[in-house]
Amino acid sequence: MKNLKSILVLLFCAAAFVQAYYESNCIIEVPNGQIHWGNGDYDVVAFSVDGFITAEYVVMQCLDDNTNDSGDETYEVAITSDSAGANVLTSAQVTENFGNTGDCDSYTFDFPDVELDFGTYYIRTKTISGAPVRSWGVDRLYYTGKTLRSDSALINVPNGQLYWNNGDSHIASFTLNQQSIATHFYMACLDDNNNDSGIEVFEAAITTDSKGSNVITSVQVSEDFGNTAGCDSYDFDFPDVLLEADTTYYLRTKVISGAPVRSWGKDYLWFMYQPPHTISSDFNKDGIVNCEDLMMFSQDWLAEEAWY
(Lines give C-alpha, C1' and ligand atoms only; values in the text may rest on other atoms or scores of the structure.)
Protein backbone atom coordinates (compact mmCIF):
# COMPACT_ATOMS: atom_id res chain seq x y z
CA MET A 1 0.00 0.00 0.00
CA LYS A 2 2.87 2.34 0.82
CA ASN A 3 4.46 1.81 -2.61
CA LEU A 4 1.10 2.33 -4.30
CA LYS A 5 0.65 5.64 -2.49
CA SER A 6 4.13 6.75 -3.53
CA ILE A 7 3.46 5.82 -7.14
CA LEU A 8 0.23 7.81 -7.09
CA VAL A 9 2.08 10.81 -5.70
CA LEU A 10 4.72 10.52 -8.42
CA LEU A 11 2.05 10.30 -11.09
CA PHE A 12 0.35 13.35 -9.60
CA CYS A 13 3.65 15.22 -9.71
CA ALA A 14 4.35 14.22 -13.30
CA ALA A 15 0.90 15.36 -14.36
CA ALA A 16 1.24 18.63 -12.49
CA PHE A 17 4.53 19.90 -13.86
CA VAL A 18 3.07 23.32 -14.51
CA GLN A 19 3.90 26.72 -13.15
CA ALA A 20 1.91 27.84 -10.11
CA TYR A 21 -0.20 30.94 -10.38
CA TYR A 22 -2.49 33.03 -8.22
CA GLU A 23 -5.24 35.44 -9.16
CA SER A 24 -5.47 38.92 -7.70
CA ASN A 25 -6.34 42.53 -8.50
CA CYS A 26 -5.24 46.03 -7.62
CA ILE A 27 -7.03 49.35 -7.42
CA ILE A 28 -6.37 51.77 -10.27
CA GLU A 29 -6.38 55.32 -8.96
CA VAL A 30 -8.70 56.83 -11.58
CA PRO A 31 -10.14 59.96 -9.90
CA ASN A 32 -13.75 59.53 -8.81
CA GLY A 33 -15.95 61.70 -11.05
CA GLN A 34 -13.33 62.09 -13.77
CA ILE A 35 -14.83 63.63 -16.95
CA HIS A 36 -13.61 63.38 -20.53
CA TRP A 37 -15.33 66.36 -22.11
CA GLY A 38 -14.24 65.79 -25.69
CA ASN A 39 -13.65 62.82 -27.97
CA GLY A 40 -9.99 61.84 -27.69
CA ASP A 41 -9.65 63.14 -24.14
CA TYR A 42 -7.72 60.77 -21.90
CA ASP A 43 -6.10 60.42 -18.50
CA VAL A 44 -3.15 58.34 -17.35
CA VAL A 45 -2.55 56.85 -13.89
CA ALA A 46 0.47 54.86 -12.75
CA PHE A 47 0.62 51.47 -11.06
CA SER A 48 3.58 49.38 -9.88
CA VAL A 49 4.40 45.72 -10.45
CA ASP A 50 6.76 43.97 -8.04
CA GLY A 51 6.82 40.51 -9.61
CA PHE A 52 5.84 38.65 -12.77
CA ILE A 53 2.17 39.03 -13.71
CA THR A 54 -0.20 38.63 -16.65
CA ALA A 55 -2.60 41.58 -16.86
CA GLU A 56 -5.99 40.32 -18.08
CA TYR A 57 -8.72 42.95 -17.78
CA VAL A 58 -9.87 46.14 -16.08
CA VAL A 59 -13.28 46.65 -14.48
CA MET A 60 -14.54 50.25 -14.43
CA GLN A 61 -17.16 50.37 -11.69
CA CYS A 62 -19.37 53.06 -13.20
CA LEU A 63 -19.35 54.91 -16.53
CA ASP A 64 -22.04 57.41 -17.47
CA ASP A 65 -22.96 59.72 -20.33
CA ASN A 66 -22.69 63.12 -18.70
CA THR A 67 -25.31 64.60 -21.07
CA ASN A 68 -27.65 61.57 -20.82
CA ASP A 69 -28.35 61.42 -24.55
CA SER A 70 -29.59 58.32 -26.38
CA GLY A 71 -26.46 57.67 -28.43
CA ASP A 72 -23.68 55.15 -27.85
CA GLU A 73 -20.35 55.98 -26.26
CA THR A 74 -17.05 54.25 -27.08
CA TYR A 75 -14.54 54.14 -24.26
CA GLU A 76 -11.06 52.61 -24.18
CA VAL A 77 -8.77 51.31 -21.47
CA ALA A 78 -5.11 50.65 -22.30
CA ILE A 79 -1.93 49.68 -20.48
CA THR A 80 1.07 51.71 -21.54
CA SER A 81 4.74 51.70 -20.61
CA ASP A 82 5.06 55.50 -20.51
CA SER A 83 3.42 58.30 -18.52
CA ALA A 84 2.33 60.07 -21.70
CA GLY A 85 0.13 57.10 -22.63
CA ALA A 86 1.73 56.74 -26.06
CA ASN A 87 3.42 53.32 -25.96
CA VAL A 88 0.40 51.01 -25.73
CA LEU A 89 1.07 47.42 -24.62
CA THR A 90 -2.55 46.26 -24.78
CA SER A 91 -6.00 47.84 -24.99
CA ALA A 92 -9.74 47.19 -25.24
CA GLN A 93 -12.81 49.25 -26.12
CA VAL A 94 -16.44 49.09 -25.03
CA THR A 95 -19.27 50.62 -27.06
CA GLU A 96 -22.52 51.11 -25.13
CA ASN A 97 -25.15 53.68 -24.23
CA PHE A 98 -23.74 54.37 -20.77
CA GLY A 99 -26.87 56.05 -19.41
CA ASN A 100 -26.92 58.64 -16.65
CA THR A 101 -25.34 58.66 -13.21
CA GLY A 102 -28.41 57.25 -11.50
CA ASP A 103 -28.31 54.00 -13.48
CA CYS A 104 -24.71 53.74 -14.69
CA ASP A 105 -23.23 50.25 -15.00
CA SER A 106 -19.82 48.65 -14.53
CA TYR A 107 -17.88 47.62 -17.64
CA THR A 108 -15.18 45.03 -18.19
CA PHE A 109 -12.35 45.90 -20.58
CA ASP A 110 -11.04 42.48 -21.53
CA PHE A 111 -7.89 43.31 -23.45
CA PRO A 112 -5.39 40.78 -24.88
CA ASP A 113 -3.33 39.43 -21.99
CA VAL A 114 0.04 41.09 -21.54
CA GLU A 115 3.05 39.94 -19.50
CA LEU A 116 4.37 42.57 -17.09
CA ASP A 117 7.36 42.31 -14.81
CA PHE A 118 9.04 44.45 -12.19
CA GLY A 119 8.50 48.19 -12.82
CA THR A 120 5.99 51.02 -13.27
CA TYR A 121 3.21 50.90 -15.86
CA TYR A 122 0.26 53.13 -16.69
CA ILE A 123 -3.49 52.77 -17.24
CA ARG A 124 -4.82 55.13 -19.92
CA THR A 125 -8.58 55.76 -19.98
CA LYS A 126 -9.85 57.47 -23.11
CA THR A 127 -13.17 58.50 -24.65
CA ILE A 128 -13.13 57.56 -28.35
CA SER A 129 -16.59 58.86 -29.25
CA GLY A 130 -19.82 60.03 -27.60
CA ALA A 131 -18.17 62.46 -25.17
CA PRO A 132 -18.61 63.61 -22.50
CA VAL A 133 -18.14 60.46 -20.42
CA ARG A 134 -17.66 60.36 -16.68
CA SER A 135 -16.28 57.59 -14.42
CA TRP A 136 -17.20 56.86 -10.81
CA GLY A 137 -16.26 54.47 -8.06
CA VAL A 138 -13.32 52.14 -7.59
CA ASP A 139 -11.68 50.68 -10.71
CA ARG A 140 -9.54 47.55 -10.64
CA LEU A 141 -6.94 45.79 -12.76
CA TYR A 142 -7.24 41.99 -12.61
CA TYR A 143 -4.18 39.85 -13.18
CA THR A 144 -2.64 36.43 -12.71
CA GLY A 145 0.59 36.41 -10.74
CA LYS A 146 3.37 33.87 -10.84
CA THR A 147 4.40 32.39 -7.52
CA LEU A 148 7.89 33.45 -6.42
CA ARG A 149 10.40 31.77 -4.15
CA SER A 150 13.24 33.29 -2.18
CA ASP A 151 16.85 32.13 -2.42
CA SER A 152 20.37 33.45 -1.87
CA ALA A 153 23.74 33.39 -3.59
CA LEU A 154 27.12 33.56 -1.86
CA ILE A 155 29.01 36.69 -2.94
CA ASN A 156 32.79 36.45 -2.94
CA VAL A 157 33.77 39.23 -0.55
CA PRO A 158 37.07 38.05 1.00
CA ASN A 159 36.97 37.29 4.71
CA GLY A 160 38.77 40.14 6.46
CA GLN A 161 38.37 42.53 3.49
CA LEU A 162 39.68 45.91 4.66
CA TYR A 163 38.47 49.25 3.31
CA TRP A 164 41.26 51.58 4.46
CA ASN A 165 40.06 54.92 3.11
CA ASN A 166 36.74 56.60 2.44
CA GLY A 167 35.78 55.69 -1.11
CA ASP A 168 37.56 52.32 -1.08
CA SER A 169 35.45 49.55 -2.61
CA HIS A 170 35.45 45.86 -3.46
CA ILE A 171 33.72 44.45 -6.55
CA ALA A 172 32.63 40.83 -6.89
CA SER A 173 30.97 39.34 -9.97
CA PHE A 174 27.98 37.00 -9.83
CA THR A 175 25.57 35.31 -12.24
CA LEU A 176 22.10 33.88 -11.58
CA ASN A 177 20.73 31.05 -13.70
CA GLN A 178 17.14 32.32 -13.76
CA GLN A 179 15.48 35.71 -14.17
CA SER A 180 15.28 37.06 -10.63
CA ILE A 181 14.44 40.07 -8.51
CA ALA A 182 17.32 41.04 -6.22
CA THR A 183 15.91 42.23 -2.89
CA HIS A 184 18.73 42.70 -0.37
CA PHE A 185 22.36 41.96 0.50
CA TYR A 186 23.37 40.41 3.82
CA MET A 187 26.84 41.06 5.30
CA ALA A 188 27.69 38.79 8.23
CA CYS A 189 30.03 41.16 10.08
CA LEU A 190 31.24 44.73 9.64
CA ASP A 191 33.61 46.36 12.11
CA ASP A 192 35.33 49.70 12.64
CA ASN A 193 39.01 48.79 12.38
CA ASN A 194 39.96 51.75 14.61
CA ASN A 195 37.22 50.99 17.14
CA ASP A 196 36.38 54.66 17.55
CA SER A 197 33.02 56.02 18.65
CA GLY A 198 32.05 57.62 15.33
CA ILE A 199 29.51 56.57 12.72
CA GLU A 200 30.53 54.60 9.65
CA VAL A 201 28.59 54.83 6.38
CA PHE A 202 28.81 51.75 4.17
CA GLU A 203 27.17 51.09 0.82
CA ALA A 204 26.15 47.99 -1.15
CA ALA A 205 25.29 48.34 -4.84
CA ILE A 206 24.62 46.15 -7.85
CA THR A 207 26.25 47.32 -11.07
CA THR A 208 26.35 46.08 -14.65
CA ASP A 209 30.06 46.79 -15.18
CA SER A 210 33.24 45.48 -13.57
CA LYS A 211 34.36 49.00 -12.63
CA GLY A 212 31.27 49.49 -10.48
CA SER A 213 30.16 52.63 -12.33
CA ASN A 214 26.77 51.70 -13.79
CA VAL A 215 24.73 51.29 -10.60
CA ILE A 216 21.24 49.80 -10.99
CA THR A 217 20.36 49.70 -7.28
CA SER A 218 22.09 50.65 -4.03
CA VAL A 219 21.56 51.42 -0.37
CA GLN A 220 23.65 52.72 2.51
CA VAL A 221 23.83 51.79 6.20
CA SER A 222 24.97 54.32 8.81
CA GLU A 223 26.03 52.76 12.13
CA ASP A 224 28.81 52.68 14.69
CA PHE A 225 30.13 49.28 13.61
CA GLY A 226 32.11 48.63 16.81
CA ASN A 227 35.14 46.35 17.06
CA THR A 228 35.72 42.88 15.68
CA ALA A 229 34.65 41.09 18.83
CA GLY A 230 31.34 42.91 18.88
CA CYS A 231 30.67 43.39 15.17
CA ASP A 232 27.13 42.91 13.89
CA SER A 233 25.53 41.66 10.71
CA TYR A 234 23.84 44.18 8.43
CA ASP A 235 21.06 43.87 5.88
CA PHE A 236 21.33 46.18 2.87
CA ASP A 237 17.71 46.40 1.74
CA PHE A 238 18.08 48.17 -1.59
CA PRO A 239 15.23 48.92 -4.03
CA ASP A 240 14.27 45.68 -5.78
CA VAL A 241 15.81 45.27 -9.22
CA LEU A 242 15.16 42.77 -12.00
CA LEU A 243 18.21 40.70 -13.02
CA GLU A 244 18.34 38.65 -16.20
CA ALA A 245 19.36 34.99 -16.30
CA ASP A 246 22.91 33.99 -17.24
CA THR A 247 24.08 37.61 -17.15
CA THR A 248 27.11 38.82 -15.22
CA TYR A 249 26.45 41.49 -12.62
CA TYR A 250 28.67 42.95 -9.94
CA LEU A 251 28.18 43.51 -6.21
CA ARG A 252 30.09 46.62 -5.14
CA THR A 253 30.74 47.17 -1.43
CA LYS A 254 32.10 50.59 -0.51
CA VAL A 255 32.92 52.65 2.58
CA ILE A 256 31.48 56.15 2.19
CA SER A 257 32.75 57.65 5.45
CA GLY A 258 34.27 56.53 8.76
CA ALA A 259 37.05 54.38 7.23
CA PRO A 260 38.71 52.06 7.93
CA VAL A 261 35.99 49.39 7.87
CA ARG A 262 36.53 45.64 7.70
CA SER A 263 34.16 42.83 6.71
CA TRP A 264 34.16 39.27 7.98
CA GLY A 265 32.27 36.05 7.32
CA LYS A 266 30.12 34.99 4.41
CA ASP A 267 27.93 37.52 2.58
CA TYR A 268 24.80 36.66 0.60
CA LEU A 269 22.67 38.30 -2.07
CA TRP A 270 18.99 37.47 -1.60
CA PHE A 271 16.64 37.29 -4.55
CA MET A 272 13.22 36.02 -5.66
CA TYR A 273 12.52 33.89 -8.71
CA GLN A 274 9.74 31.92 -10.32
CA PRO A 275 10.25 28.15 -9.82
CA PRO A 276 10.02 26.25 -13.11
CA HIS A 277 7.90 23.36 -11.80
CA THR A 278 5.46 23.82 -8.95
CA ILE A 279 2.03 22.53 -8.02
CA SER A 280 -0.82 23.61 -5.78
CA SER A 281 -1.65 21.65 -2.66
CA ASP A 282 -4.31 22.00 0.02
CA PHE A 283 -2.08 20.77 2.83
CA ASN A 284 0.55 23.50 2.31
CA LYS A 285 -0.54 26.77 3.90
CA ASP A 286 1.27 28.76 1.22
CA GLY A 287 -0.49 26.76 -1.47
CA ILE A 288 2.72 25.83 -3.28
CA VAL A 289 5.07 22.86 -2.99
CA ASN A 290 7.35 21.14 -5.47
CA CYS A 291 7.29 17.45 -6.27
CA GLU A 292 10.31 16.66 -4.11
CA ASP A 293 8.62 18.32 -1.15
CA LEU A 294 5.44 16.42 -1.89
CA MET A 295 7.25 13.10 -1.96
CA MET A 296 8.96 13.83 1.37
CA PHE A 297 5.61 14.87 2.86
CA SER A 298 3.89 11.75 1.56
CA GLN A 299 6.54 9.43 3.03
CA ASP A 300 6.31 11.11 6.45
CA TRP A 301 2.53 11.11 6.29
CA LEU A 302 2.36 7.43 5.33
CA ALA A 303 4.80 6.53 8.12
CA GLU A 304 2.76 8.41 10.71
CA GLU A 305 -0.52 6.90 9.57
CA ALA A 306 1.02 3.40 9.14
CA TRP A 307 -0.83 2.90 5.88
CA TYR A 308 1.17 -0.13 4.85
Side-chain angles (χ1 to χ4, degrees), residues 20 50-52 117-119 146-164 167-193 199-278 286 288-290 292-293 296:
D50 60 359
F52 304 96
D117 55 39
F118 179 82
K146 299 178 181 178
T147 302
L148 300 180
R149 285 186 176 174
S150 181
D151 203 351
S152 63
L154 179 65
I155 301 298
N156 186 27
V157 179
N159 189 37
Q161 174 70 35
L162 189 56
Y163 306 81
W164 276 108
D168 284 358
S169 63
H170 178 270
I171 297 174
S173 64
F174 68 94
T175 303
L176 303 178
N177 59 13
Q178 63 275 313
Q179 189 182 54
S180 305
I181 298 173
T183 58
H184 60 281
F185 180 56
Y186 169 84
M187 299 197 74
C189 175
L190 288 173
D191 75 37
D192 167 14
N193 199 53
I199 298 295
E200 289 75 43
V201 179
F202 200 83
E203 181 182 73
I206 296 177
T207 77
T208 59
D209 65 311
S210 60
K211 295 182 179 180
S213 301
N214 188 24
V215 175
I216 54 177
T217 190
S218 67
V219 70
Q220 296 180 1
V221 166
S222 298
E223 291 282 349
D224 182 358
F225 290 156
N227 60 18
T228 305
C231 71
D232 292 321
S233 63
Y234 293 92
D235 205 25
F236 292 80
D237 188 11
F238 39 62
D240 294 354
V241 63
L242 182 67
L243 304 180
E244 296 299 333
D246 302 320
T247 302
T248 300
Y249 295 93
Y250 302 86
L251 200 300
R252 187 192 72 191
T253 48
K254 180 178 181 180
V255 59
I256 304 300
S257 63
V261 168
R262 186 165 44 181
S263 66
W264 301 93
K266 294 182 178 181
D267 307 316
Y268 292 88
L269 173 70
W270 284 87
F271 58 91
M272 296 185 298
Y273 70 100
Q274 182 197 2
H277 304 300
T278 53
D286 297 322
I288 304 301
V289 295
N290 60 33
E292 182 180 356
D293 295 337
M296 293 176 64

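For the single chain, residues carry numbers from 1 onward in sequence order. All values below come from the heavy atoms of this structure, side chains included, with hydrogens, waters and symmetry mates left out.
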Closest non-hydrogen contact found for S210 with I171 is O-CD1, 3.3 Å

Value for CD1 (I181) from OG (S150), rounded to nearest 0.5 Å, stands at 11.0 Å

Start with the C-alpha gap between L269 and I206, add the side-chain angles, then the distance that decides, and say whether side-chain contact (heavy atoms from CB on, under 4.5 Å) holds. CA-CA 10 Å; L269 173 70; I206 296 177; 4.1 Å; yes

Go through the steps to decide whether Y249 and T208 satisfy the test side-chain contact (heavy atoms from CB on, under 4.5 Å), and finish with yes or no. CA-CA 5 Å; Y249 295 93; T208 59; 4.2 Å; yes

All N/O donor-acceptor pairs, side-chain side in residues 251-260, below 3.5 Å, sequence neighbours left out:
from, atom 1, to, atom 2, distance (Å)
R252, NH1, G212, O, 2.7
R252, NH2, E203, OE1, 2.5
T253, OG1, Y163, OH, 2.6
T253, OG1, H170, O, 3.4

CZ (F185) and OG (S218) are apart, to the nearest 0.5 Å, by 13.5 Å

Sidechain-backbone polar pair: N156 side chain, S173 backbone, donor-acceptor under 3.5 Å: no

Can you tell me how far apart OH (Y268) and CG (L154) are? Round to the nearest 0.5 Å. 5.0 Å

Residues Y273 and S180: closest non-hydrogen pair is CB-OG, 3.8 Å

In D192, D191, L190, the residue satisfying side chain to side chain contact (heavy atoms under 4.5 Å, CB included) with E200 is D192

I'd like to know if the side chain of N159 and the backbone of G265 have a donor-acceptor N/O pair within less than 3.5 Å. yes

Heavy-atom pair of closest approach, residues A205 and V215: CB-CG1, 4.0 Å

Minimum heavy-atom distance between F271 and S152, given as atom pair plus value: CE2-C, 3.6 Å

Check: residues 232-247 side-chain donor-acceptor pairs under 3.5 Å, at least two apart:
from, atom 1, to, atom 2, distance (Å)
E244, OE1, Q179, NE2, 3.1
E244, OE2, Q179, NE2, 3.3
T247, OG1, A245, O, 3.1

Look up atom OG1 in T207 and atom OH in Y250, then write down how far apart they are to the nearest 0.5 Å. 7.5 Å

